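All remarks here apply to the structure that follows.
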Amino acid sequence: MKNRKIILTENEIPDKWYNIMADMPNKPLPPLHPGTMQPIGPDALAPLFPMALIMQEVSADKWVEIPDEVRDIYTIWRPTPLYRAYGLEKALNTPAKIYYKYEGTSPSGSHKPNTAVPQAYYNAKEGVKKIATETGAGQWGSALSFACNHFDMKCEVYMVRVSYDSKPYRKIMMNTWGADVYPSPSNRTEAGRKILSEYPDSPGSLGIAISEAIEVAASDPDTKYALGSVLNHVLLHQTIIGQEALKQMEKAGDMPDIVIAPFGGGSNFAGLSFPFLRLNFEEGRKIRCIASEPASCPKLTRGIFRYDFGDTIGMTPLLPMFTLGHNFVPAPIHAGGLRYHGAGVIVSQLLKDKLIEAVSHSNPEVFEAGILFARTEGIIPAPEAAHGIATVIAEAKKCKEEGVSKTILFNLCGHGYFDMKAYQDYFEGKIKEHVLSDAEIQASLKELTTPEIA
Ligand SMILES: *Cc1c(COP(=O)(O)O)cnc(C)c1O
């Protein structure tokens, strides 16, 4: 029998997260206060985050201990399986070997609980009563609802309007774990009311929803804020994925030449790829790590590297990142988790230093990839994850043309069982290529007043 699934035991769940900052040749530039343009210290984040997470955000330690309580909850779904994609390989008739790490086995169906659980844990330990957050496709809101419920904390979720309307079952999932969910822009906050007064039919965006959740947290001392992507501590927590995958690849007697993951703010990409980039840093290996983004929200492939706000209203510190401009409102594609204007600072610096790569794919291409995967491997991927699959298929085809066998590993970061509407739209011919013009990107970037980075 073929060895299709490579599994680990609970004892093999890593006991530390890997902090890539310790190994980066160029560290990310510091966040700046938008008023003074001076670097901000950890104190500035204290109204929004518990101190333990702030310390992780700026930590230079290469390894960070995973608390036992967190590992204990991780055992509900971790270690996650690693699969060899024999079916997909055969369909592509490629000499490439394709593996995928499947994060859809978590309670909420994606990689997001890997960070939601530790974030809820550190908040609870510091006496926080409620966490406010945003969610795009509903994945992060679900994960945080699940995690807060574990630690008896309230959870208030601002869900991007277009997803709120198209994914009602995500909302009910969050309600089931005890969370309150509001469509964003909402009239519960200044930020939401401002957008609604200008654009009453706004489909919303992650940037707008972040503004709302931050406002709620900043105005209540018992409430903190949590982010499901972008920030350094989020990427740190997700490295559990790649560390497990590394052990599993060793068990399979193989090692990837190429690591691929979809890219929203960078957390699942970082989670899978950083432990492999560690081998590049430590052993001089040349593992290619490729981030895969939508052609309709192409901050890595068509954005600029510049200081910008993490949200739309401009409440966050200025972060040095690849961005399309914080006012950029992406087309309402189904991959809600990838509709974000910027990228995490660590991943941005790695891309600027050419230590990672980025590609983009059109919407129809992504659904074709997702459907081919479903038909050959069984699992129906989240539309976000299908972006990575499109890149895998492109690389596997290259292997075929060049007649070389490479080993490809990708992150199947979530299942698509709440995304049937998206697949329905595809089958009904409603998924169209959305061509984003340079003029649209330039118009959004022109609104940036921050200085360019040399
Ligand atoms: C949130 C999410 C993403 C995008 O966020 P990253 O931080 O870039 O990982 C991608 N896929 C799924 C399934 C998600 O839930």
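Atoms within each ligand, like the ligands themselves, are counted from 1 in listed order. Atom set for the values below is all heavy atoms of this structure, side chains included, hydrogens, waters and symmetry mates excluded. Note that the coordinates shown come from a computational prediction; the quantities given were computed from them, not determined experimentally.
- At most 12 non-hydrogen atoms from other residues, nucleotides or ligands lie less than 6.0 angstrom from OH of Tyr169.
- Annotation: Lys125, atom NZ; neighbour count of heavy atoms from other residues, nucleotides and ligands within 6.0 Å does not exceed 12.
- What sits closest to atom 8 (O) of ligand 1 on the protein, heavy atoms only, is Gly264 N, 2.6 Å.
- Looking at ligand 1, you'll find an N or O of Gly266 within less than 3.5 Å of one of its N or O atoms.
- Listed by atom number, the atoms of ligand 1 under 4.0 Å from Leu338 heavy atoms are 4 (C), 10 (C).
- By the 4.0 Å heavy-atom criterion, Ala385 is excluded from the residues contacting ligand 1.
- Among protein heavy atoms, the minimum distance from atom 4 (C) of ligand 1 is reached at Gly337 O, 3.3 Å.
- For atom 7 (O) of ligand 1, the closest non-hydrogen atom of the protein is Ser229 OG, 2.5 Å.
- Ranked by closest heavy atom to atom 1 (C) of ligand 1, the top entry among His387, Glu384, Lys112 is Lys112.
- A donor atom on one side chain and an acceptor atom on the other are found under 3.5 Å apart for Glu428 and Gln424.
- Assignment of His111 to the shell around ligand 1 is supported, since a heavy atom sits closer than 4.0 Å.
- In terms of polar-atom proximity, Val230 is not counted as a contact of ligand 1, lacking any N or O under 3.5 Å from an N or O of the ligand.
- Contacts of Gln238 with ligand 1, taken as heavy-atom pairs under 4.0 Å, are absent altogether.
- Within the 4.0 Å heavy-atom criterion, neither part of Val234 lies near ligand 1.
- Summarising the local packing, CD1 of Ile453 is surrounded by more than 12 heavy atoms from other residues, nucleotides or ligands at distances under 6.0 Å.
- Only side-chain heavy atoms of Ser110 come within less than 4.0 Å of ligand 1; its backbone N, CA, C and O stay farther off.
- A donor-acceptor pair under 3.5 Å is formed between the side chain of Glu126 and the backbone N or O of Ala52.
- The existence of a salt bridge linking Arg288 and Glu395 is confirmed by a sub-4.0 Å separation between a basic side-chain nitrogen and an acidic carboxylate oxygen.
- In Trp140, neither the side chain nor the backbone holds a heavy atom less than 4.0 Å from any atom of ligand 1.
- Counting non-hydrogen atoms of neighbouring residues, nucleotides and ligands closer than 6.0 angstrom, the NZ atom of Lys27 exceeds 12 such neighbours.
- Atom CZ of Phe328 sits about 10.5 Å away from atom OG of Ser205, to the nearest 0.5 Å.
- The existence of a salt bridge linking Glu12 and Lys247 is excluded, since no basic side-chain nitrogen approaches an acidic carboxylate oxygen closer than 4.0 Å.
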